Amino acid sequence: MKVSFADTRPSGSYALAIPVWGEDMLSDRLNGLDENARTLAARSAEAQRFEREPAAIAETFVTEGNTARRLLLVGLGGKRDDEALYEKVGGALAAKLLISGETRLVVDASGTGMGAEQAAKIAFGAAARSWRYDIYRTKLAKKQKPTLEEVVIVGAGAADGEWQRLSALLEGLSFTRELVTEPANVIYPETFVERARAQLEPLGAEIQVMDEKEMAQLGMGALLGVGQGSVRPPRLLTIRWNGAGDANRKPVVFVGKGITFDTGGISIKPAAGMEAMKWDMGGAGAVAGAMKAIAMRKAKANVIGICVLAENMPDGNAQRPGDVVTSMSGQTIEVINTDAEGRLVLADAMTWAQRTFKPEMMVDLATLTGAMIIALGYEYAGLFSNDDGLAEKLTKAGQASGDKLWRFPLGEAYDKQMDSQIADMKNAGPREGGSIMAATFLQRFVEDGTKWAHLDIAGTVWANKPGSLYDKGATGYGVALLDRFVSDNFEG
Ligand code: BES
Ligand code: MN
Ligand code: ZN
């Protein structure tokens with residue numbers, strides 16, 4: 001999406017959007033249109049029961065000289081401090097126009113009191129909502145193809161600085177959505193690494209890749225056990241961004257679950273809906289996209305993103321229920337259920353991350369449990385943490401970014417249900433509180449002094465219906481959250 005900011009409406013053809021607050025006089029907003037056009041716009045808004053609700057749209061055509069123009073009145077509601085409002089407005093306009101035949105959208109914000117920050121957010125919302133991945137659709141009808149190419153925001157100042165920051169976020173978000181959308185015959189551990197390298201190295205981020213031989217030398221038996229049923233070998237990808245200016249400043253570390261396909265392994269999943277498990281790498285996808293956003297805007301922080309990549313397949317060489325594996329931490333695990341694989345790969349990645357980087361804080365993101373969707377639906381991701389301060393920082397970043405989080409408990413009574421008869425722990429406990437059981441398992445791999453949070457994003461990575469900033473499909477959840485978490489807490 002081409003984005004620009006201007007003082008006056010351009011000439012030529014475009015769809016014109018006029019944002020209106022609840023208390024505005026419509027005639028004030030419509031100046032610049034002639035008398036007839038104003039009457040038509042006002043009457044058609046009324047006829048469509050347009051009440052200026054946030055991001056509601058009334059559409060009409062008005063004459064301008066001897067041509068006609070598509071006019072969209074878009075509601076702003078009444079809350080000027082609603083941070084999420086402006087991107088929602090941009091998103092709604094883009095959804096309306098994306099395949100409408102219009103190529104250019106002009107949003108005339110003059111007189112609304114909006115400044116550069118809000119203007120940039122409208123543009124961001126429009127661009128984010130327009131993202132699609134049509135490369136495999138060779139027979140898309142012309143009418144179904146996107147036409148909208150450009151957004152111009154008028155009358156809210158020159159927002160180029162604000163836009164630079166948000167366009168970095170947009171690039172990160174798009175990269176995550178691409179990784180999550182691609183099928184598992186295209187994105188597997190090695191190709192995930194290559195795409196991340198191509199995106200991140202040119203931005204000055206350092207890429208380090210560990211293969212299965214090094215994993216074996218380090219004793220990563222939990223991670224290797226998951227990968228051993230697949231012909232695609234596992235990889236541990238590390239993306240480093242040293243932006244703090246002080247290489248010795250302790251980094252913040254993000255760890256993402258990157259199961260590029262989760263069949264369940266020998267504890268195989270039912271066939272119906274299994275295709276969804278191509279997005280079981282959504283945690284790793286979010287980490288890679290967030291690192292892209294962070295590197296693109298040259299964040300003044302030391303951030304490390306780790307993607308733990310493997311494919312969980314049933315095979316003659318796959319691990320079996322009942323197998324006992326030894327993790328890098330030295331702790332042994334009885335694999336009760338090979339479908340509880342995310343926690344196994346994360347365990348070794350977390351141990352390695354803590355021992356290698358001595359992080360200030362470590363946050364993992366994972367599509368870890370179906371139980372998370374039962375608990376929270378698709379609106380919030382679950383937050384689990386051993387540190388109240390960190391939990392609060394993440395919750396705040398969640399509110400500000402729109403990637404919302406809701407905290408769950410941890411504790412000894414839960415933890416002891418993960419004890420095994422034959423090994424130090426089992427990888428699957430009772431069904432009840434399944435998401436907490438998984439988090440509790442992960443906590444056994446958090447070392448003394450590490451502030452840690454686990455985000456179970458199983459319900460938020462993929463949407464079965466469009467949202468305000470995404471179409472059906474990959475949402476890019478987590479990118480805005482991590483970017484905001486870094487900018488609010490590590491760049492001071
Ligand atoms: N990747 C799944 C969790 C998941 C399920 C994410 C549905 C998104 C949608 C995970 O690896 C898994 O299979 N978890 C099991 C754990 C159980 C075996 C203890 C689950 O949730 O059923
Ligand atoms: Mn699984
Ligand atoms: Zn999984």
Side-chain angles (χ1 to χ4, degrees), residues 1-3 124 127-128 130-136 163-211 232 234-243 251-260 278-310 349 363 365 401 403 457 461 469-470 473-487:
M1 188 73 60
K2 198 172 158 233
V3 168
F124 173 79
S130 302
W131 186 90
R132 345 203 315 176
Y133 204 62
D134 288 336
I135 66 165
Y136 301 118
W163 175 244
Q164 212 168 40
R165 196 200 138 83
L166 287 179
S167 66
L169 177 58
L170 182 71
E171 292 293 323
L173 188 72
S174 305
F175 181 42
T176 297
R177 288 176 179 176
E178 173 188 320
L179 290 168
V180 169
T181 305
E182 285 283 20
N185 60 332
V186 174
I187 287 291
Y188 44 92
E190 289 161 299
T191 53
F192 185 112
V193 166
E194 287 327 310
R195 286 216 191 172
R197 190 194 296 286
Q199 294 290 324
L200 286 143
E201 268 180 354
L203 299 174
E206 275 169 47
I207 300 286
Q208 186 194 326
V209 187
M210 193 189 293
D211 66 16
R232 320 265 199 212
R235 291 290 180 265
L236 190 69
L237 165 67
T238 303
I239 305 162
R240 300 185 70 159
W241 174 253
N242 284 322
V252 51
V253 168
F254 301 133
V255 184
K257 169 180 171 182
I259 297 297
T260 57
K278 73 171 182 180
W279 51 260
D280 206 20
M281 37 55 71
V287 167
M291 293 308 294
K292 181 167 184 195
I294 284 163
M296 262 191 103
R297 66 177 180 79
K298 300 195 173 13
K300 292 186 174 51
N302 293 342
V303 189
I304 295 176
I306 296 169
C307 301
V308 55
L309 303 160
V363 180
L365 292 89
S401 65
D403 289 344
I457 61 174
V461 160
L469 296 183
Y470 48 80
T475 61
Y477 182 95
V479 178
L481 171 72
L482 297 183
D483 185 57
R484 183 74 185 226
F485 174 68
V486 167
S487 64

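Here the structure is a predicted model, which is why all the values come from computation and not from measurement.
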**Study point:** Contacts of type side chain to side chain donor-acceptor pair (under 3.5 Å), residue Gln208, not counting sequence neighbours
**Key:** none
Check your understanding: Does some side-chain heavy atom of Val193 sit less than 4.5 Å from a side-chain heavy atom of Met210?
Key -> no
Check your understanding: Within the side chain of Arg240, is there an N or O that forms a donor-acceptor pair under 3.5 Å with the backbone of Ile207?
Key -> no
**Study point:** Ile294 side, atom CD1; Ile304 side, atom CD1 - distance, nearest 0.5 Å
**Key:** 11.5 Å
Revision key, fill the gap. Tightest non-hydrogen contact, residues Trp241 and Lys298, listed as CZ2-CA, 3.5 Å
Exercise for review: Enter the distance from Ser167:OG to Met1:CE here, rounded to the nearest 0.5 Å.
Suggested key: 13.0 Å
Review point. Is there a side-chain contact between Tyr133 and Glu178, using heavy atoms and a 4.5 Å cut-off?
Key: yes
Practice item. Could you tell me whether the side chain of Asn302 and the main chain of Gly243 form a donor-acceptor pair under 3.5 Å? Key: yes
Study note, to complete from the structure: All heavy atoms of Ala196 vs all of Leu237, minimum pair found to be CB-CD2, 3.7 Å
Review point. Is a side-chain donor or acceptor of Asp403 paired with a backbone partner of Gly478 at a separation under 3.5 angstrom?
Key: yes
Review point. Which value, rounded to the nearest 0.5 Å, describes the distance between Leu309 atom CG and Ile259 atom CD1?
Key: 8.5 Å
Practice item. Apply the test side-chain contact (heavy atoms from CB on, under 4.5 Å) to residues Leu203 and Met291: give CA-CA distance (whole Å), side-chain angles for both, the deciding distance (0.1 Å), then the verdict. Key: CA-CA 10 Å; Leu203 299 174; Met291 293 308 294; over 6 Å; no
Exercise for review: Check step by step if side-chain contact (heavy atoms from CB on, under 4.5 Å) holds for Ile239 and Phe254.
Suggested key: CA-CA 10 Å; Ile239 305 162; Phe254 301 133; over 6 Å; no
Point to revise | Heavy-atom closest pair, residues Lys278 and Pro183 | key: CD-CA, 3.9 Å
Check your understanding: Would you say the side-chain atoms of Lys257 pair up with the backbone N or O of Val308, donor to acceptor, closer than 3.5 Å?
Key -> no
Exercise for review: Go through the steps to decide whether Val253 and Ile306 satisfy the test side-chain contact (heavy atoms from CB on, under 4.5 Å), and finish with yes or no.
Suggested key: CA-CA 7 Å; Val253 168; Ile306 296 169; 3.9 Å; yes
Study note, to complete from the structure: Residues Pro234 and Ala310: closest non-hydrogen pair is CB-CB, 4.0 Å
Review point. Can you tell me if Arg235 uses its side chain to pair, donor with acceptor, with the backbone of Thr191 under 3.5 Å?
Key: no
Exercise for review: Determine the minimum heavy-atom distance between Val255 and Ala349, stating which atoms define it.
Suggested key: CG1-CB, 3.9 Å
Exercise for review: With sequence neighbours left out, write down each residue that passes ring-ring contact (aromatic ring centres under 6.0 Å, His included) with Phe485, or none if nothing qualifies.
Suggested key: Phe490
Study note, to complete from the structure: Test side-chain contact (heavy atoms from CB on, under 4.5 Å), reference Leu173, set Tyr477, Trp131, Tyr470, Phe124, output is Phe124
**Study point:** Ion pair Arg232/Glu190, N-O distance below 4.0 Å
**Key:** no
Exercise for review: Apply the test salt bridge (charged side-chain N to carboxylate O under 4.0 Å, His left out) to residues Lys292 and Asp483: give CA-CA distance (whole Å), side-chain angles for both, the deciding distance (0.1 Å), then the verdict.
Suggested key: CA-CA 10 Å; Lys292 181 167 184 195; Asp483 185 57; over 6 Å; no
Practice item. Determine yes or no for a side-chain-to-main-chain donor-acceptor pair under 3.5 angstrom, with Ser401 supplying the side chain and Arg484 the backbone. Key: no
Point to revise | Short side-chain to backbone donor-acceptor contact, Thr260 and Ala184, under 3.5 Å | key: no
Exercise for review: Write down the atom of Ala301, the atom of Val486, and the distance for their closest heavy-atom approach.
Suggested key: CB-CG1, 3.9 Å
Check your understanding: Has Gln164 got more than 12 heavy atoms of other residues, nucleotides or ligands less than 6.0 Å from its CD?
Key -> no
Practice item. Would you tell me whether Tyr188 and Glu182 have side-chain atoms, one donor and one acceptor, within less than 3.5 Å of each other? Key: no
Review point. Under 3.5 Å, side chain of Trp279 to main-chain N/O of Ala474, donor-acceptor pair present?
Key: no
Review point. Would Asn242 and Glu206 count as a side-chain contact (heavy atoms from CB on, under 4.5 Å) if you check the C-alpha gap in whole Å, the side-chain angles of each, and the deciding distance to 0.1 Å?
Key: CA-CA 9 Å; Asn242 284 322; Glu206 275 169 47; 4.1 Å; yes
